[in-house]
Protein chains: 2
Amino acid sequence: MNKSKLQQELKQNHPFDSAATEAVISIHRTADRIRARLNALLRSFQLTTQQYNVLRILRGAGETGLPTLEIRQRMIESNPGITRLLDRLVTKGLVHRQRCPTDRRQVLCWATPEALELLARLDQPVVEINRQMMAVLDEDQQQQLIQLLDLVRSTVGTV
Amino acid sequence: MNKSKLQQELKQNHPFDSAATEAVISIHRTADRIRARLNALLRSFQLTTQQYNVLRILRGAGETGLPTLEIRQRMIESNPGITRLLDRLVTKGLVHRQRCPTDRRQVLCWATPEALELLARLDQPVVEINRQMMAVLDEDQQQQLIQLLDLVRSTVGTV
DNA sequence: GATCAATAGTTGACTAATCAAGTATTGAAT
DNA sequence: ATTCAATACTTGATTAGTCAACTATTGATC
């Protein structure tokens, strides 16, 4: 009886009940390993993956800035604690906040020049890590993976 | 210019620098959505995904139990706070702990009968959720996804 | 049998995430 | 003009995660 690779990794003796379950666990496990790798890099810059994600979103938004909850929506991983995450980035001098003049409910956020500098130093290493981690897959396989995951996400929300 | 689905989800205006980067972000985003779905179910049982994962591992280990750090190794997502995670499960009456008689450094852990009952009630719903979330993919595509992720994990550790 | 590195886990201090309940502002409908 | 629901956060209380330093035990070497 051949054990799947994932089964071996988790030292499980029972096979998965279905390919669906194995796929789900596989996605989690892979995401965790990838996150750990990025974390190792960001750690030397005193950033968490969430903080890094926010800064990249703000860089993308440019001069106009973004309201708090819009940032939350654009984040890769959902984050109910966005206000305090931004608090910490403000404390670090990486984010600037100001109440929106036209809609005073909103608080607009921008990446500071310091943040942009930090991001610039991270760009190449991050691209390189991603490239290395995906280097086992050829271009076709990478596209396949992206498409399969697109499909999965298209239904998860509706289930 | 066609934006990728992921780009649309994240409301990004710039294309990804490479398929590798899109694949990496895609994995994170998908894992997050799937975790949210499982969370919604576990929440009504007052369990976190990590706690649920530990209980399943202990159920799999059966009568012989498992030492603390062995549990950590088998977890889907790495967890440095395993001791306190177990503390909470002990408080809830779901885990029983005892120092190992043959190697007094180790602490063996077991799922309690209450935990086994709880897990039994969760089995069907969890299988069903996984099935539903992966139902957009046919059996071949599910196997493809599993294999692609296997490949990715096989290198991530070595990068 | 004494020393010493390795293993297994715990603890303390700190940071971060979660949830529910709250405030301020806006826009729409009387 | 006034009420009322909706939006956009913010706050407090609680729980969980992280990191480094520590204790206890074991196994190996001299």
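Convention: sequence-line order gives letters A, B, ...; per-chain numbering from 1.
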Minimum side-chain heavy-atom gap Leu89(A)-Leu58(A) below 4.5 Å: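 No, side chains not in contact.
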Cationic N near anionic O, under 4.0 Å, Arg35(B) to Glu77(A):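 Salt bridge: yes.
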Those residues of residues 103-111 of chain B lying under 4.0 Å from DNA chain D by at least one heavy atom: Asp103(B), Arg104(B), Arg105(B)
Neighbours of DNA chain D within residues 83-91 of chain A, by heavy-atom distance under 4.0 Å: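 Only Thr83(A), Arg84(A) qualify.
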May I have the distance from [X] (atom [atom1]) to [N] (atom [atom2]), rounded to whole angstrom?
X	N	atom1	atom2	answer
Leu69(A)	dA24(C)	CG	P	18 Å
Ile82(B)	dT11(C)	CD1	P	15 Å
Asn39(A)	dT15(C)	CG	P	17 Å
Arg97(B)	dA8(C)	CZ	P	17 Å

Derivation of the side chain to side chain donor-acceptor pair (under 3.5 Å) call for Gln143(A) and Gln147(A): CA-CA 6 Å; Gln143(A) 292 298 345; Gln147(A) 279 168 35; 4.8 Å; no
Partner residues of His96(B) under the ring-ring contact (aromatic ring centres under 6.0 Å, His included) criterion, sequence neighbours left out: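 Once residues adjacent in sequence are excluded, the partners of His96(B) under the ring-ring contact (aromatic ring centres under 6.0 Å, His included) criterion are Trp110(B).
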Pairing residues for Ala23(B) by the side-chain contact (heavy atoms from CB on, under 4.5 Å) criterion, not counting sequence neighbours: Met134(A), Leu145(A), Ile146(A)
Nearest-nucleotide comparison on DNA chain C, the residue closer to the 5′ end among Thr102(A) and Arg43(B):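 Counting from the 5' end, the first nearest nucleotide belongs to Arg43(B).
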Side-chain donor-acceptor pair present, Glu22(B), Ser4(B), cut-off under 3.5 Å: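 Looking only at side-chain atoms, Ser4(B) and Glu22(B) do form a donor-acceptor pair, the distance falling under 3.5 Å.
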Opening and closing nucleotides of DNA chain D in contact with chain B, under 4.0 Å to non-hydrogen atoms: dA16(D) to dT26(D)
Listed partners of Arg97(A) passing salt bridge (charged side-chain N to carboxylate O under 4.0 Å, His left out), at least two apart: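 Result, salt bridge (charged side-chain N to carboxylate O under 4.0 Å, His left out) vs Arg97(A): Asp87(A).
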Salt bridge (charged side-chain N to carboxylate O under 4.0 Å, His left out) partners of Arg88(B), counting only residues at least two apart: none
Side-chain hydrophobic cluster, 4.5 Å single linkage: members besides Phe16(B): Ile76(A), Leu6(B), Leu10(B), Ile25(B)
With Ser18(A) via side-chain hydrogen bond (donor to acceptor under 3.5 Å, both in side chains) - residues at least two apart: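 Counting only residues at least two positions away or on another chain, Ser18(A) forms a side-chain hydrogen bond (donor to acceptor under 3.5 Å, both in side chains) with Thr21(A).
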Non-neighbouring partners of Gln73(B) that pass side-chain hydrogen bond (donor to acceptor under 3.5 Å, both in side chains), sequence neighbours left out: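 With neighbours one apart ignored, the set is Lys11(A).
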Glu114(B)/Thr112(B) under side chain to side chain donor-acceptor pair (under 3.5 Å): CA gap, chis, key distance, verdict: CA-CA 5 Å; Glu114(B) 290 76 28; Thr112(B) 64; 3.1 Å; yes
Pairs flagged by side chain to side chain donor-acceptor pair (under 3.5 Å) wherever residues 115-127 of chain A is involved - sequence neighbours left out: Arg59(A)-Asp123(A)
Within residues 50-63 of chain A, residues whose heavy atoms come under 4.0 Å of DNA chain C: Gln50(A), Gln51(A)
